[in-house]
2 protein chains.
Amino acid sequence: MVDHPSSDAEAAHAEVELSTVRLQEVAEAAGVSTITVSRCINNPARVSEKTREHVLKIANRMGYIPNRLASSLASARSMVIGVVVPTIANPIHGMVLQGAADILEPAGYQVLLGNSHFSKQSEFELVRTFLGHRVDGILLTGRDHLEECLDLLARSRTPMVEMFDYNPEPSDMAVGSSNFDAGASLGQYLIARGRRQFAYVGHTGLDDSRMIARLQGLIKVCEAAGLAPPRHYEISSDPGTGTGGEVVGTILRDVPEIDAVVFAGHQVAVGAIRYSVDVGIAVPQRLAIAGFGDSPIAKWITPSLTTVRFPVRENGIEAGKLMLWRLQGKQCKQRSIRLGFEILGRDSA
Amino acid sequence: MVDHPSSDAEAAHAEVELSTVRLQEVAEAAGVSTITVSRCINNPARVSEKTREHVLKIANRMGYIPNRLASSLASARSMVIGVVVPTIANPIHGMVLQGAADILEPAGYQVLLGNSHFSKQSEFELVRTFLGHRVDGILLTGRDHLEECLDLLARSRTPMVEMFDYNPEPSDMAVGSSNFDAGASLGQYLIARGRRQFAYVGHTGLDDSRMIARLQGLIKVCEAAGLAPPRHYEISSDPGTGTGGEVVGTILRDVPEIDAVVFAGHQVAVGAIRYSVDVGIAVPQRLAIAGFGDSPIAKWITPSLTTVRFPVRENGIEAGKLMLWRLQGKQCKQRSIRLGFEILGRDSA
DNA sequence: CTGTTAGCGCATTCAC
DNA sequence: GTGAATGCGCTAACAG
C-alpha cells in the first residue's frame, strides 16, 4: 500500500468509507464541476446523456448520498411535509396518516410527524417546529386551531390542509366529512326508530371540534323533533382504549328515561355494549347504543354497533393530493373537498 | 408613513411580515453579534442573564423561528430521528410509533416517518432517504434487513435500534420480545390443552421475520412433543383489515384432522372466530383458534380469543430511550433489551 | 462573557 | 451543455 494523498482513483474507491461523500468529491472524481453533478441528480434533462451516465455511475460507486439539508437550505425547498395528528395510537388517525403518506412519499416528499395529544397549544408548537424545519407544507387534523397558529401559518405562506372535518371556508385548504351532518343524520336515524331521550358521551380535556360538531348536529335534530336536548356526559378515558363503557350504568341511574346513548367514538361504544351485556342491560330493547367511526370490532361484537362510517383513508389521500397540487402550482382545483359518510344501521340501535 | 431604508426600529416591528426573520436581523435589532443570539437559544447558560432576556424578548417580538436546516447543516446535528414501520394503518405499529414519539419529542427530537409496506427493499430506500436528511438516528421494525442496508447504516455511523423483535446480537441496538419463544409458548399451551394437529396461517408477500419466527417456535414444540409439524397456510389479505378468516373453512376441508389454527396476527384470528361461528364450526370444541397480539376486539368477541400479548407501546418507549442514551453519549446500558409476553388463555383455545 | 473568522454542502444566477 | 462565483442561515473554533 502506497501512502499518498487522496487522488481521483482513491476517491472512486471511497465506498468503504463513511457515507460523507460530498458533491464536490464526486465532481472531482468525475472530472466535472459540482453543478454538473447536481444537475445530473436534480435536473437530468439539462445534462448530456453521456456525462450524466458517467457521473451517476461514479456517484453510485462512491456511495454518494446527497445532503438534503444543504440542498434544502440552498433551494428553499425541503421536500418535507409536516403532519399533525392528535395521536397515532388511534387507528383512525393512523389510517389518515397512512393515506397521506401513500400519496406524498411516491412524490418524493417525506413526512415529519407530530402528535398534538388533542391539545391546540401543542399543535401550535408543532407548527412552529415544523416551520423551523422549513417544511414545504403542513397537514393538520380538524378545523379548530389557535388563532396564533393560523396567523403564523398564513404569514409563513406555508400551504396547509385541514383534514378530517368539512370546512367550506378553510383558511387555506380542507378535506373531510361534515361531522355536524353526521351527528344530525345519526340522530334522525335513532329518532325514526323510536328513540326519544338521548345521552351523548364525549371525552374531557380533548380539543376536538369534531366531537363537538357531532353533538351539535344531534342537538339540532332533537330540537327539530321537539325532543329534549341530549344529556351531555364526559368521560376521561383515552378514546381508542375502549374503556369507559361503564358510563352507561351511571347514565341509566341518573336518568332512567334515557333510551339511547350516542358515543363520540366507536371503541368506547363497543365497550359500552360489552358492559351492558355483562350487567344485563338489554341492547337495543332497553337502550340503544350508537357511535361514530367503524372497525371490525364494531361489526363483530354482539349486538353489532350501529355507527357512522367515515372514509378515513380517503381523508389522508385527498389531503395529500390537495397539497401536491398546490406544491406543483396547479391551483385550479377547489380548496375544500367534502367527503361523505354512511349510517351503518346494525343491531345495537 | 416615512419611506426609509430598514432600521433597527423597523426590524423590531417585523412581526407582521413573513416569518423569514434571520438570526442576523435579530442580532442587529438587539445590538449584539449573531453568535450571541444563537447562544441565547441553544446554550442559554453561556450568556449573561441580562443579554439573554434582552435578546430573547426581541427575537420573540420579531417572530423569529430558527432555521433548523441551516442549524443542522452547520452543527451536523439534525435533531431528527427516522422511523421505519411496515404500515401505520395497523394499530400495533401505530402504538410502537407513538411510544417512540412520546420519548423523542419531549427530548427535542422530531420523527421523520417512513412506511416500508413490509418490503425490505423499501426499507433500504427509506434508510437512504433518511441518511440524506442526516437524521441523528434510525428506528427500524424487526430484525431482518437487507445486508446493504445494515452496511450503509454501519458506514454512516448512524445509531440504529431494531424494534419489536428480540435480538441478542443486534447490529447496533435492539428491543423486543422473542417471537420464537412466543410461538413456542403458545404451542405448548395448546398442546397442554390436548391439541394435536396444527395449522399456521401467515401472510403472503410480507417481509416479516417476526411472523416466521413465531412459526418456527411452534414447529419446535410440535417436534418436541412428537407431533406432526403445523400445516402452513398463507393468505394474501392485509393484516389489520381482519379479513381472510374464511381460510379456516379451506383448512378443515383440506385436512379434517386439524384441531387448532394459529394465526400470525390477531385481527384475522378474530375474523376466523367470527366466520367459524357463522358457519357452525364449534370453537373451541371442534377447532381451537389462537393468534398473536391483543386488542379490545380479541377480548370482546364470542368466544374470546386466546392470544399472546406483547408490550407494544413499551417497544417504542424503550427504543426511544436506547436512542436517547446513545445520542447523549451514555453508552453504559445494554445494547439489547428483552421484553416479555403473556399468553392470554381465553375461550377460543 | 462576547465577538471574529471560516466554513457546513449545495443550488441559483449569470456567464461562456 | 457546462462552469465560476456567490450566498442560503447558522454554528464551531478560537480569540479576546
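Chain naming here is simple, since letters A, B, ... match the order of the sequence lines and numbering starts at 1 in each. Small disclaimer: the values here were computed from a predicted structure and weren't measured.
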For nucleotides 7-11 of chain D, tabulate all protein N/O to nucleotide N/O atom pairs closer than 3.5 Å, reporting atom names and distance.
residue: dG9(D); atom: N2; partner: Ala70(B); partner atom: O; Å: 3.4
residue: dC10(D); atom: OP1; partner: Tyr64(B); partner atom: OH; Å: 2.4
residue: dC10(D); atom: OP1; partner: Asn67(B); partner atom: N; Å: 3.3
residue: dC10(D); atom: OP2; partner: Leu23(B); partner atom: N; Å: 2.3
residue: dT11(D); atom: OP1; partner: Asn42(B); partner atom: ND2; Å: 2.5
residue: dT11(D); atom: OP1; partner: Ser71(B); partner atom: OG; Å: 3.4
residue: dT11(D); atom: OP2; partner: Ser38(B); partner atom: OG; Å: 2.5

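Two residues are said to be in side-chain contact when any heavy atoms from C-beta on lie closer than 4.5 Å; Val21(B) and Ile65(B) fail this criterion. Taking 4.5 Å as the limit, every side-chain heavy atom of Met323(B) sits out of range of all side-chain heavy atoms of Ile103(B).
The salt bridge (Lys or Arg N to Asp or Glu O under 4.0 Å) test applied to Arg143(B) returns no partner, not counting sequence neighbours. Shown here are the salt bridge (Lys or Arg N to Asp or Glu O under 4.0 Å) partners of Glu318(B), two or more places apart in sequence or in another chain: Lys321(B).
Of the possible polar contacts, none joining the Arg155(A) side chain to the Leu152(A) backbone as a donor-acceptor pair under 3.5 Å is found. With Arg335(B) contributing its side chain and Asp172(B) its backbone, the two residues share a donor-acceptor pair below 3.5 Å.
Legend: ring pair (Phe, Tyr, Trp, His ring centres under 6.0 Å) pairs involving residues 108-164 of chain B, not counting sequence neighbours, sorted by first then second residue: His93(B)-Phe164(B). The stretch residues 102-127 of chain A participates, sequence neighbours left out, in these salt bridge (Lys or Arg N to Asp or Glu O under 4.0 Å) pairs: Asp102(A)-Arg313(A), Lys120(A)-Asp144(A).
Bounding nucleotides for the chain A contact on DNA chain C, 5' to 3', at a heavy-atom distance below 4.0 Å, are dG9(C) to dT12(C).
Straight-line distance from the NE2 atom of His54(A) to the C1' atom of dT2(D): 14 Å, rounded to whole Å.
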